[in-house]
Amino acid sequence: MNIQTPAKRRMPLPTRIRFTLNVLIIIVFAAAAWEAGDFVAVSRYLPQSITTAGALIGMLLLAIDWTKYRKVGLLKADEAIGDSIFASDEDGSAEETRRHEREVIGRALVIWGYLFLFLGLIALVGLTVGTFLWLLIVLRNLSKFTWRQTLISVIAVVGGIQLIRSGMNLIFPTYFLEQWVTLDFRM
Amino acid sequence: MLETMFAAGGTAFAELLQPQRIGWMLVGVTVGLLIGVLPGLGGTVGMSILLPFIFGMDATTGIALLIGMASVIHTSDTFPSVLIGVPGSSGSQATIMDGYPMAKKGEGGRALGAAFLSSAIGGVIGSVLLFSVILVARPIVLALGNPELFMFGLLGLSMVAVLSKGSALAGLLSAITGLLIGFIGIAPNAAQFRYTFDSLYLFDGIPLAVLALGLFAIPEMIDLVILNRAVADEGLSATGGRMQGVKDVLRNKMLVLRSAVLGTVVGFIPGLGGSVVDWITYGVTKRTTKDNEEFGKGDVRGVIGPESANNAKEGGAMIPTLLFGIPGSGTTAILLGGLILLGIQPGPQMLTTNLDVTVTIIWTIALANIFGALACFLVTRQVSKIAFIPAKKMVPFLFVVILMAAYQSTRYWGDFIALMVVGVIAWFMKSAGWPRVPMLIGIVLATGIERYLHISIQLHGFEWLRYPGVLILGALIVFIVFGSEVRDLSRAFRKGRRTSADSVSN
């Protein structure tokens, strides 16, 4: 008979993220407390005491979370982590859970990829043309708009941001091609 | 003096109602409503836009334009907070706590209806309080020293105890992380750059708008697209629900009044008001309300409280601005410049020679709040349908707005980089059930707390710990942090006594 004890079961992804964040935060606080040692006295005492306290609380939290995980599992013990996008049906098998997590990671990577692509386009051709190109790609591929809907939406958005830019005197970011050609026209 | 005040009130009202002036006020209201709807843009941007237009205007018209805009930003900023879970401005962060869950339940219209009516009432109460206390406000404001301001900062921080969903320890750690982020940049008490790593962008710290968008907007948008669903659950209808919201406000009259008074009081504390008033009100509302189990899951009282307070705050914020020339926020700093451009010198003369100007400001706040709420109320039914648009069709447009708004914070590429870094970390935090609200409170309060603590120690040593104001605020903090535990304990104790008494009688 193969009985999975809590200690041997696979750690769910939200729990792993929680522990990783916790360890990272302890390291960040320890480094920040160390760095604060170089500040002049009047601007040192609060950051140093706060970050030291943060590192200690971080360790305490890590210990408490670890105990909870060993006893019942964090997903059951903590309502907030149970709401995680990675948390799957409790009754699902380990294989189902893994599949759900992989699926969510895949989708997340695609969306983060789109976001970083947008930033890349802004860096290359500016906000106006970047928005035009990015919306064209995203609305067709992610939103599944028809060509007609895509073009109408893209023109409306680019026109809208130009109007807001002129009306509110907003400044748009610099971009790489700016040194050769002006792509960030304004109305 | 009181008679003079009422006479000035009548004259100022008649002046303001002239078609040209009311027209400019409506222009200001329209600009304010538009800015409120756009996440990340706040009063500072609005003031900067309108300031060039006041050249050549008479004082009443110029004030109508500027104050009309500033008064309604916290009315329309409720739309993004409720419908997409993105703070429209720093004053509507707490509205997300219950407004967004209500939208998820298909009650976006109800949340908005309640928010707009409580905003209007809060704004009017704020201006009435401003009118009532302005004559006696000077000594009250002067009585608030640095120790009391430090305690107000701690009071804001104590809200962490109320707002930490799940683990209080995780909430505390999150708030401390926020304080650490708030320490980035130049120290408030010495020429010392901290945690900047020689990056020019970090010298002034990371802007609040970028942090708020990164912490809340990006993770929410990403998750919605991953789940491939709309904000509101499928199967719910986009019923208006506005009138239900109105009824909710009428049922909670005392909450509106209490929150508006609290908003006005917090508003007149320079350097504290703006971003923290809604959190304080939310925390106090939750702590002092019976049957508060639904808070954070879509309780309309969690919308009514902060929304009454953030509009009322504008009235309070005028007290230090007008009487002392101390701007409590970026918006009032530019307003101060505007008043000087109009030939008005803030100071004690605002109660004597410039009394008519002061009363005009009060009337403008009241009227703008009514007009603003009315305009928002009229479009609620249509706008609340946004919550039913599938995320994949809506989110790309929101990303454009979010990136454009974030860049306006400092207009450096660092805004984009900070937004993405904070966004990624916040998404992992959300995925791991780590509370993000306390972090934002820590960020907002870090500079103020450090500044006031430093000055308090420099001026008074540790004597200030025995000041009456400090002790009162300390007791309030203890009540907020441990209030419900004490209530639960006493309830358990009473129940225990009753049970033992019953068993003895049997």
Side-chain angles (χ1 to χ4, degrees), chain A residues 13-15 17-18 21 25 28-29 32 35-36 39-40 42-43 46-47 50-51 53-54 57-58 60-61 64 78-86 104 107-108 111-112 114-116 118-119 122-123 127 131 134-135 138-139 142-145 153 157 161 164 167-174, chain B residues 34-35 38 41 45 48-49 165-167 169-170 172-173 176-177 179-180 183 187-192 194-195 218 221-223 225-228 390 392-393 395-397 399-401 403-404 407-408 411-413 415-416 420 423-425 427-435 449-450 453-454:
Chain A
L13 193 53
T15 311
I17 298 173
R18 172 89 156 229
L21 274 179
I25 219 156
V28 168
F29 275 130
E35 169 94 6
F39 302 156
V40 293
V42 286
S43 59
L46 203 56
I50 291 282
T51 46
I57 293 170
L60 183 62
L61 183 66
I64 292 172
D78 191 328
E79 187 193 339
I81 195 170
D83 291 341
S84 168
I85 192 162
F86 289 107
V104 172
R107 286 186 202 164
I111 297 149
W112 280 111
Y114 275 124
L115 250 181
F116 282 103
F118 192 15
L119 276 190
I122 295 172
L127 191 77
T131 303
W134 185 75
L135 277 181
V138 174
L139 294 183
L142 184 74
S143 312
K144 306 287 177 204
F145 276 23
S153 306
V157 171
I161 59 174
I164 293 171
M168 297 190 176
N169 211 13
L170 301 184
I171 291 178
F172 279 5
T174 51
Chain B
L34 286 174
I35 286 172
L38 294 171
L41 298 185
V45 174
S48 319
I49 293 166
K165 208 174 167 184
S167 166
L169 211 55
L172 183 61
L173 195 58
I176 292 177
T177 313
L179 286 173
L180 177 62
F183 290 146
N189 45 15
Q192 169 83 61
R194 299 180 300 193
Y195 308 121
I218 300 274
M221 301 293 105
I222 299 276
D223 278 6
V225 180
I226 290 173
L227 294 170
N228 192 19
K392 281 187 176 175
K393 294 188 192 306
V395 168
F397 301 107
F399 275 145
V400 174
V401 176
L403 282 175
M404 196 173 76
Y407 187 76
Q408 302 312 312
R411 294 158 179 183
Y412 283 108
W413 256 89
D415 288 332
F416 284 147
M420 296 308 276
V424 170
I425 295 170
W427 184 68
F428 279 117
M429 285 174 72
K430 187 170 188 272
S431 305
W434 202 298
I449 283 180
E450 187 174 15
L453 175 65
H454 176 70

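Small disclaimer: the values here were computed from a predicted structure and weren't measured. Chain letters run A, B, ... following the sequence lines, proteins first and then strands; every chain starts at 1.
- Atom CZ of B/Phe428 sits in a sparse spot, with 12 or fewer heavy atoms from other residues, nucleotides or ligands closer than 6.0 Å.
- With a threshold of 4.5 angstrom between heavy atoms, A/Leu127 approaches chain B through side-chain atoms but not through N, CA, C or O.
- Residues B/Leu173 and A/Leu60 fail the side-chain proximity criterion, which asks for heavy atoms closer than 4.5 Å.
- Contact of the B/Trp434 side chain with the A/Leu61 side chain is registered, since non-hydrogen atoms from C-beta on lie closer than 4.5 Å.
- B/Gln192 places a side-chain N or O within donor-acceptor distance of the main-chain N or O of A/Val40, the cut-off being under 3.5 Å.
- When A/Phe29, A/Phe118, A/Trp112 are compared by the number of non-hydrogen pairs under 4.5 Å with chain B, A/Trp112 comes out ahead.
- Interface summary for chain A: among B/Val401, B/Ile425, B/Leu227, the most heavy-atom pairs under 4.5 angstrom belong to B/Leu227.
- Judged by distance alone, the side chain of B/Arg194 and the main-chain N or O of A/Ser43 form a donor-acceptor pair under 3.5 Å.
- Rounded to the nearest 0.5 angstrom, B/Leu169 CG and A/Ile64 CD1 are separated by 5.0 Å.
- In this structure, chain A has a heavy atom under 4.5 Å from the side chain of B/Leu403, while its backbone stays farther away.
- Across all non-hydrogen atoms, the minimal contact from B/Pro396 to A/Trp134 is O-CZ3, 3.4 Å.
- Summarising the geometry, atom CG belonging to A/Leu46 is positioned 7.5 Å from atom CG belonging to B/Leu179; distances are rounded to the nearest 0.5 Å.
- Across B/Lys392 and A/Leu142, no two heavy atoms sit closer than the pair CD-O, 3.5 Å.
- The minimum heavy-atom distance between B/His454 and A/Val42, with the atom names listed, is CE1-CG1, 3.6 Å.
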Pair B/Leu34-A/Ile164, side chain to side chain contact (heavy atoms under 4.5 Å, CB included): steps then yes or no: CA-CA 10 Å; B/Leu34 286 174; A/Ile164 293 171; over 6 Å; no
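- With sequence neighbours excluded, the residues that form a side-chain contact (heavy atoms from CB on, under 4.5 Å) with A/Phe145 are A/Leu139, A/Ser143, A/Gln149, A/Thr150, A/Ser153, B/Lys393, B/Phe397.
- Side-chain contact check for B/Leu180 versus A/Ile50: every heavy-atom pair is 4.5 Å or farther apart.
- Looking at B/Val395, neither its backbone nor its side chain comes within 4.5 Å of chain A, counting heavy atoms on both sides.
- If you tally non-hydrogen atom pairs under 4.5 Å between each of A/Val138, A/Ile122, A/Thr131 and chain B, the highest count goes to A/Ile122.
- Not a single donor-acceptor pair under 3.5 Å links the side chain of B/Trp413 to the backbone N or O of A/Pro173.
- For chain A, the nearby parts of B/Met429 are the backbone and the side chain; heavy atoms of each come within less than 4.5 Å.
- In this structure, B/Phe399 and A/Tyr114 have side chains that are not in contact, with every pair of non-hydrogen atoms separated by 4.5 Å or more.
- Residues A/Leu115 and B/Ile222 meet the side-chain proximity criterion, which asks for heavy atoms closer than 4.5 Å.
- Both the backbone and the side chain of B/Tyr195 have a heavy atom closer than 4.5 Å to some heavy atom of chain A.
- In this structure, CD1 on B/Ile218 lies 11.5 Å from CD1 on A/Ile111, to the nearest 0.5 angstrom.
- To the nearest 0.5 Å, atom CD1 of residue B/Ile176 and atom CD1 of residue A/Ile57 are 3.5 Å apart.
- Between atom CE of residue B/Met420 and atom CG of residue A/Leu119 there is a gap of 4.5 Å, rounded to the nearest 0.5 Å.
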